[in-house]
Amino acid sequence: YTYMQIWKDTLAAPIYSDYTSAPSLTANLTSLTQGYYWVRIITYYNSDFESYSITNTFTQTTKAAIKVAGADTATTCSGTNLIAFKCSKSSAPYTVQLYRYGVAYGSPLTIKNTATFQIANLPIGSYYATAFGDGATGTAFGKSPVVSFVPPVSGTSTTNITQTSARTNWATITCARYYTVQYHKSGDSAWLTKKSTGNTGSANLTALLANTSYTWRVQAVDTTNKIVAASAFTDSLTFTTDTLFFASNYGGQSGAAISKATNSNRLLVYPNPASSQFRMQFNTVNPNEKVSLLLKDINGKTVWNKNNTSASSLTGTTVDVSKLSPGIYLLQLVYENNTQVLSTKIVVSR
């Protein structure tokens with residue numbers, strides 16, 4: 001017979017004692033408190049110690065916990081990053097393992113107390129850490145929140161704004177695989193998302209509404225093992241699409257006829273953006289033709305006009321915008337009998 005005894009306190013009676021003639025013995029122990037226990041295996045008759053192995057099956061009720069106490073993200077792809085962690089629950093010493101993109105990164109660390117500790121010199125990536133308390137194994141670990149390290153994006157701007165589209169721009173970084181642009185109409189809370197094609201510095205937003213204000217922002221993204229690491233989003237930028245002018249305003253002509261412009265007739269304005277005034281230059285093949293000028297705000301309201309004047313007199317004309325609110329305006333040149341319309345966007349800024 002083989003005799004097994006288990007103690008919590010070797011000076012007290014064993015908490016388990018049994019014997020068997022079989023090659024194994026199952027000790028059913030419940031409500032154990034955290035701590036160390038002693039096991040003794042002896043032969044029943046002569047009290048000789050015997051070799052043995054133990055297979056543990058248990059549920060640990062108080063697992064270790066680990067949280068992120070802080071993080072420092074590098075501003076460039078070649079810079080290194082830092083995470084501060086703090087362990088709690090269970091009891092020290094804690095065994096902490098850092099993971100990058102879901103794979104163990106570096107050797108396990110032994111943390112002897114619940115004070116905040118740092119892991120530094122980290123490359124870009126997606127990180128989390130696990131912590132075992134007081135020698136625990138298996139699934140009895142705590143897991144930290146995920147921390148992403150990708151440098152922030154800068155150099156944002158909006159160009160090529162039309163009635164239904166706009167181009168979002170930013171400065172690329174070498175360690176990004178692609179970029180995520182989020183945008184929505186002003187007043188909406190839900191973001192729409194568009195991904196760039198690879199590591200490019202722009203993305204086109206299409207199917208927009210005319211005469212509508214939009215807000216957008218962008219973040220850089222890296223990915224490995226199907227796990228994503230992303231930078232913080234940039235501050236939001238706002239732009240307004242061009243006003244849609246209907247054919248009914250121009251004698252029932254089609255939109256194509258109204259917006260048609262030729263290479264021979266060019267309307268230029270400068271400076272643009274303008275703070276107090278702008279000047280015009282108009283090149284035309286027919287300087288004696290009568291034209292009208294209209295400056296309209298984003299709601300289509302005419303804020304300045306000059307009617308029935310010769311095309312040749314337009315060059316050098318100055319328009320005072322000092323009393324207009326900052327924003328986007330549309331300058332239109334309408335030919336006599338509405339045969340053609342030329343338009344250009346004016347930005348008024350202070």
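These values consider heavy atoms only, across backbone and side chains, with no hydrogens, waters or symmetry-generated copies. Given the structure is predicted, the values throughout are model-derived calculations rather than measurements.
- Clustering ILVMFWY residues whenever any of their side-chain heavy atoms sit less than 4.5 angstrom apart, transitively, puts F282 in the very cluster that holds L293.
- Atom CG of N204 and atom CG of N160 lie 7.5 Å apart (nearest 0.5 Å).
- Once rounded to the nearest 0.5 Å, the distance linking OG of S275 with CG of L324 reads 12.0 Å.
- In this structure, OG on S154 lies 12.5 Å from CH2 on W170, to the nearest 0.5 angstrom.
- Listed by chain and residue number, nothing satisfies the ring pair (Phe, Tyr, Trp, His ring centres under 6.0 Å) test with F233 (two or more places apart in sequence, or in another chain).
- Counting heavy atoms from C-beta on, the side chains of L205 and T168 come closer than 4.5 Å.
- The line from OG of S126 to OH of Y101 is 7.0 Å long, rounded to the nearest 0.5 Å.
- For Y329, the ring pair (Phe, Tyr, Trp, His ring centres under 6.0 Å) test picks out no residue, with sequence neighbours left out.
- At a cut-off of 3.5 Å, with distance as the only test, no side-chain donor of S236 or W216 sits close to an acceptor on the other residue.
- The hydrophobic clustering, which links ILVMFWY residues whose side-chain heavy atoms are closer than 4.5 Å, places M280 and V348 together.
- In terms of the ring pair (Phe, Tyr, Trp, His ring centres under 6.0 Å) criterion, residue partners of W191 (sequence neighbours excluded) are, by chain and number, H184.
- In this structure, the side chains of K86 and I66 stay at 4.5 Å or more apart for every pair of heavy atoms.
- Taking the side chain as every heavy atom from C-beta outward, M4 and T2 never approach each other to under 4.5 Å.
- Partners of R167 under the salt bridge (Lys or Arg N to Asp or Glu O under 4.0 Å) rule, at least two apart in sequence or in another chain, do not exist in this structure.
- Note on residues 62-104: pairs passing disulfide bond (SG atoms under 2.5 Å apart), not counting sequence neighbours, are C77-C175.
- Counted within 6.0 Å of NZ on K67, heavy atoms from surrounding residues, nucleotides or ligands total 12 or fewer; the atom is thus considered open.
- Two different hydrophobic clusters hold I83 and Y99 under the rule that ILVMFWY side chains link at heavy-atom gaps under 4.5 Å.
- Closest heavy-atom contact between P151 and I173: O-CD1, 3.7 Å.
- Under 3.5 Å, the side chains of T200 and T197 contain no donor-acceptor pair of N or O atoms.
- Every pair passing ring pair (Phe, Tyr, Trp, His ring centres under 6.0 Å) that includes a residue from residues 133-167 is listed here, sequence neighbours excluded: Y127-F149, F132-F141.
- Environment of NZ in K345: crowded, with over 12 heavy atoms of neighbouring residues, nucleotides or ligands closer than 6.0 Å.
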Table please: side-chain donor-acceptor pairs of residues 106-117 below 3.5 Å, with sequence neighbours left out.
unit_1, atom_1, unit_2, atom_2, d
N113, OD1, A115, N, 3.0

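- Of the N and O atoms on the side chains of N169 and T156, not one donor lies less than 3.5 Å from an acceptor on the other residue.
- Sparse packing is recorded around OH of Y1, with 12 or fewer heavy atoms of other residues, nucleotides or ligands lying under 6.0 Å away.
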N/O donor-acceptor pairs under 3.5 Å from side chains in residues 303-312, not counting sequence neighbours:
unit_1, atom_1, unit_2, atom_2, d
N305, OD1, N307, ND2, 3.2
T309, OG1, S313, OG, 2.9
S310, OG, S312, OG, 3.4
S310, OG, S313, OG, 3.4
S312, OG, P287, O, 3.4

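- Considering only residues two or more places apart in sequence or on other chains, S276 meets the side-chain hydrogen bond (donor to acceptor under 3.5 Å, both in side chains) condition with none of them.
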Please tabulate, for side-chain N and O atoms in residues 7-26, each donor-acceptor pair with protein atoms closer than 3.5 Å (sequence neighbours left out).
unit_1, atom_1, unit_2, atom_2, d
W7, NE1, A12, O, 3.3
D9, OD1, L11, N, 3.0
Y16, OH, T26, O, 3.3
S17, OG, Y3, OH, 2.7
T20, OG1, A22, N, 2.9

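- Sorted by first then second residue, the side chain to side chain donor-acceptor pair (under 3.5 Å) pairs that include residues 171-183, not counting sequence neighbours, are R177-D222, Y179-N199, Q182-R217.
- Remark: K89 NZ to K63 NZ distance equals 10.5 Å, nearest 0.5 Å.
- Under the side-chain hydrogen bond (donor to acceptor under 3.5 Å, both in side chains) criterion, D320 pairs with S322, sequence neighbours left out.
- With a 6.0 Å cutoff to the six-membered ring centre and a 45° limit on the axis angle, K290 does not count as a cation-pi contact of Y335.
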